[in-house]
Amino acid sequence: MKAIIKTDPETLFLLHRIANDQKQESANNIGAKAVRSMKIELFTILTQRCFSYTANPNGKKLQLTLKYHLAALLYEIITDLKFSLGIYEGNKLEIFKNDLHQKLQ
């Protein structure tokens, strides 16, 4: 199962920054290491998508295709975000989170 989400470039780069912060966390047991591995895989996918957009920027919405477990992890990361963002970034993330939640249903 895959989740396909359309997003704008600004949100994609914001998600990339958040995924970068999340993959830095340490893991000390098997469960935490599995989650960290999924976070690194999510970061890799977002990095590739950011690079492909940077090579050909056109301002259009981008299609982000994620495996279901990675989409669910991304939803959890956005929901449990501990640091505060600006109003604009917070609104962008809230819109993306709502779209992602609809795809996960």
Criterion side-chain contact (heavy atoms from CB on, under 4.5 Å) on Leu15 and Leu93, from CA distance to verdict: CA-CA 8 Å; Leu15 291 171; Leu93 274 183; 3.7 Å; yes

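- With Thr54 contributing its side chain and Cys50 its backbone, the two residues share a donor-acceptor pair below 3.5 Å.
- Leu70 and Met1 fall within the same hydrophobic cluster, where Ile, Leu, Val, Met, Phe, Trp and Tyr residues are linked whenever their side-chain heavy atoms come under 4.5 Å apart, directly or through other members.
- Side-chain atoms of Asn20 do not come within 3.5 Å of backbone N or O of His16 as any donor-acceptor pair.
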Residues Phe96, Leu74; criterion side-chain contact (heavy atoms from CB on, under 4.5 Å); working and verdict: CA-CA 10 Å; Phe96 181 81; Leu74 182 58; 3.7 Å; yes

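- A heavy-atom distance below 4.5 Å is found between the side chains of Lys97 and Glu94.
- Although no hydrogens or angles enter the test, the distance criterion places no donor-acceptor pair under 3.5 Å between the side chain of Thr11 and the main chain of Thr7.
- The minimum heavy-atom distance linking Ala71 with Leu104 is given by the pair CB-CD2, 3.8 Å.
- In this structure, Arg49 contributes its side chain and Gln63 its backbone to a donor-acceptor pair below 3.5 Å.
- Both Met38 and Tyr68 are members of a single hydrophobic cluster when ILVMFWY side chains are connected at heavy-atom separations under 4.5 Å.
- Grouping the Ile, Leu, Val, Met, Phe, Trp and Tyr side chains by contacts below 4.5 angstrom, directly or via other members, places Ile18 with Ile5.
- To the nearest 0.5 Å, atoms CG (Leu66) and CG (Leu73) are separated by 10.0 Å.
- Between Asp8 and Lys92, at least one side-chain nitrogen of the basic residue sits less than 4.0 Å from a carboxylate oxygen of the acidic one, meeting the salt-bridge criterion.
- Using bins of under 30°, 30° to 60° and over 60° for the plane-to-plane angle, the ring pair Tyr75/His101 lands in the tilted bin.
- The side-chain heavy atoms of Lys6 and Leu64, taken from C-beta on, include no pair separated by under 4.5 Å.
- Lys39 and Gln22 form a side-chain donor-acceptor contact under 3.5 Å, judged by distance and modelled atom types alone.
- No continuous path of ILVMFWY side-chain contacts below 4.5 Å connects Phe43 to Leu12, so the two sit in separate hydrophobic clusters.
- Taking NZ of Lys33 as the reference point, atom CG of Asn29 lies at 8.0 Å (rounded to 0.5 Å).
- Crowding of Lys67 atom NZ: a count of heavy atoms from other residues, nucleotides or ligands under 6.0 Å not exceeding 12.
- Across all non-hydrogen atoms, the minimal contact from Leu46 to Ala19 is CD1-CB, 3.8 Å.
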